[in-house]
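We use all heavy atoms of the structure for the numbers below, so side chains are in, but hydrogens, waters and symmetry mates are not. Positions are given from 1, in the same order as the sequence printed here.
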Amino acid sequence: MPNGAIYTRLSAVERPHLGGPHSRAMTMDLLTLSGVSKTFDNGVQAIAPMDLRVDAGAFVSLVGPSGCGKSTALRLIAGLEKPSAGTIAFAPARPVIGFVFQEPTLMPWAGALANARLGLDLKHVSRGEADDRAARALHRVGLKGFERAYPRELSGGMKMRVSIARAIAAAPKLLLMDEPFAALDEPSRQALNDDLLTLAREDGMTVLFVTHSVFESAYLSSRVVVMTPRPGRVAAEIALDPPDERDVSYRMTQRFSDGARRVQDALKTAMAGETA
C-alpha cells in the first residue's frame, strides 16, 4: 500500500449502545477507518485524514456536498482503491462485501437471472447453486417471474432491483451502496428504501449508504455521518433512533422530521466550513 496505508483485522470491541429501546444493548465494531486519506495521481486530495467507526448491524449513511469523497470512501473500504495513508480495519476479519453502484451496470445481453448470478460466477460457484441463489435473490427483491427479462425490458427501478439482487446473492455481511436510488422517481425510491430495510434486517447486514438526500438518510439510518467539502473529513455524526420497522407513515411523524432537521443543520454547518 502506498504511503504506509494498511488494511488489517481489528479485535472485536463491545461497548454500550446509547440508542433507544429499539437498539441492541451492546454493539460490536465491524469496520474502523483511522486517519484514512486519499490523494489521486493528479494531486487532488479527495479525503483528508478521516476517522469512522461502523457497528455490526448498523445502517449508516454518508451525506455531504458533491465531490467531498463519499464515493471514494466506499471504494477504499471495498478495496477498489488504495488509501494514500491510514488504516482500514475489519473485525474479526474482512467480511463478504457487496457493492451497489449508482448505475445498475447490468450486462445488456443477459437476462436478469444471469445478471444477478454474475458475482457468483466470478467466484466459480457451481452453476446450479448460483442459479438457485440468484433466483432467490430476485424473488426477494420482487422480481420473481422476470428471470429471463433483459435490461431493456425493465424499468429503472427494476434494473436497480436486479443490481441489489446481484449483491445480496453473495450473502454479504457489509453492503456498500453509492447513491443507488438517486435517478429514480419518488415512489420507486421510497419502495426500494422500505425493501432495503427489510433485506438488511432479515440478513443481519451492515449497510453503508451514500446519499445526497437528507430525508432519505434520516429515514434509513441509525446514524448519519456528515462530511465536509473536499477534502472530505467527518464533520458530524448524528445518532438516530427510528423504529425497527417503518413505512410511509413514519415519514409523517415528528420523530422523523426532528431527525431530518438535525441532519440538515449539521450539513449546513459543514458546508460553512465548521465541524460539530
Side-chain angles (χ1 to χ4, degrees), residues 19-20 22-23 54-55 57-64 70-71 74 97-106 112 116 137-144 146 154-169 172-227 237-264 266-267:
H22 299 281
S23 305
V54 178
D55 297 333
F59 197 120
V60 177
S61 287
L62 298 180
V63 300
K70 302 184 297 296
S71 298
L74 290 195
I97 297 176
F99 205 129
V100 179
F101 297 91
Q102 184 172 351
E103 298 295 331
T105 61
L106 303 181
L138 288 172
H139 188 188
R140 294 185 69 201
V141 299
L143 290 180
K144 184 177 182 179
F146 289 88
L154 302 175
S155 68
M158 294 170 77
K159 291 176 186 177
M160 187 52 67
R161 288 178 184 274
V162 176
S163 183
I164 294 171
R166 180 173 58 198
I168 66 171
K173 284 301 178 185
L174 174 61
L175 183 61
L176 307 176
M177 307 189 78
D178 189 6
E179 295 189 73
F181 309 143
L184 302 181
D185 60 82
E186 195 62 22
S188 297
R189 186 171 188 155
Q190 291 187 6
L192 279 163
N193 283 174
D194 291 338
D195 290 345
L196 174 59
L197 287 172
T198 298
L199 291 169
R201 183 173 63 250
E202 290 177 350
D203 291 1
M205 287 188 294
T206 303
V207 182
L208 193 55
F209 188 92
V210 167
T211 179
H212 276 109
S213 170
V214 166
F215 297 104
E216 185 170 56
S217 70
Y219 183 75
L220 290 172
S221 310
S222 54
R223 184 158 56 100
V224 178
V225 175
V226 179
M227 295 181 65
E237 299 190 38
I238 312 300
L240 302 173
D241 184 31
D244 289 340
E245 297 187 27
R246 46 203 182 272
D247 55 24
V248 66
S249 63
Y250 176 61
R251 300 176 189 272
M252 303 295 111
T253 65
Q254 189 65 45
R255 187 174 174 183
F256 169 73
S257 297
D258 289 345
R261 185 177 300 107
R262 291 170 59 204
V263 176
Q264 181 63 59
L267 182 59

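Contact record, Leu267 with Val226: CA-CG1, 3.7 Å, taken as the closest heavy-atom pair. Here the closest non-hydrogen pair linking Leu197 and Leu220 is CD2-O, 3.5 Å. Among all heavy-atom pairs drawn from Thr211 and Ser217, the shortest one is CG2-CB, 3.9 Å. Heavy atoms only, all atoms of each residue included: Ala167 and Val100 are closest at CB-CG2, 3.7 Å. Nearest heavy-atom pair across Leu106 and Ser163 is CD2-N, 4.3 Å. Considering every non-hydrogen atom in both Ser61 and Ser221, the closest pair reads OG-OG, 2.6 Å.
Every residue two or more places apart in sequence or in another chain that forms a ring-ring contact (aromatic ring centres under 6.0 Å, His included) with Phe256 is listed here: Tyr250. Listed by chain and number, the residues in a side chain to side chain contact (heavy atoms under 4.5 Å, CB included) with Gln102 are Glu179, Ala182 (sequence neighbours excluded). Ser155 is linked by a side chain to side chain contact (heavy atoms under 4.5 Å, CB included) to Met158, counting only residues two or more places apart in sequence or in another chain. With sequence neighbours excluded, the residues that form a salt bridge (charged side-chain N to carboxylate O under 4.0 Å, His left out) with Glu216 are Arg189. Every residue was checked against the salt bridge (charged side-chain N to carboxylate O under 4.0 Å, His left out) condition with Arg246, not counting sequence neighbours, and none meets it. Residues satisfying the ring-ring contact (aromatic ring centres under 6.0 Å, His included) criterion with Phe209, sequence neighbours excluded, are Phe59, Phe181. By the salt bridge (charged side-chain N to carboxylate O under 4.0 Å, His left out) test, Glu186 pairs with no residue at all, sequence neighbours left out. With sequence neighbours excluded, the residues forming a ring-ring contact (aromatic ring centres under 6.0 Å, His included) with Phe99 are Phe101, listed by chain and number. The side chain to side chain donor-acceptor pair (under 3.5 Å) check on Ser222 picks up nothing, with sequence neighbours excluded. A search for side chain to side chain contact (heavy atoms under 4.5 Å, CB included) contacts involving Thr206 returns Leu30, Val54, Ala56, Leu174, not counting sequence neighbours. Remark: Asp194 engages Tyr219 in a side chain to side chain contact (heavy atoms under 4.5 Å, CB included) (not counting sequence neighbours). Applying the salt bridge (charged side-chain N to carboxylate O under 4.0 Å, His left out) criterion to Arg261, with sequence neighbours excluded, gives Asp258.
Using a distance-only test at 3.5 Å, with no hydrogens or angles considered, no donor-acceptor pair links the side chain of Asp55 to the main chain of Ala58. Looking at Ser257, its side chain does come within 3.5 Å of a backbone N or O of Thr253 through a donor-acceptor pair. Judged by distance alone, the side chain of Arg166 and the main-chain N or O of Gly98 form no donor-acceptor pair under 3.5 Å. Remark: side-chain polar atoms of Arg223 are not paired, donor with acceptor, to backbone N or O of Ile238 under 3.5 angstrom.
The line from CD of Gln190 to CG of Leu184 is 11.5 Å long, rounded to the nearest 0.5 Å. The distance from atom CG of Asp195 to atom CZ of Arg140, rounded to the nearest 0.5 Å, is 10.5 Å.
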- Verify side chain to side chain contact (heavy atoms under 4.5 Å, CB included) between Met177 and Val210, making sure each step is shown before the conclusion. CA-CA 6 Å; Met177 307 189 78; Val210 167; over 6 Å; no

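Annotation for His212: atom NE2 counts as buried by contact number, over 12 foreign heavy atoms lying within 6.0 Å.
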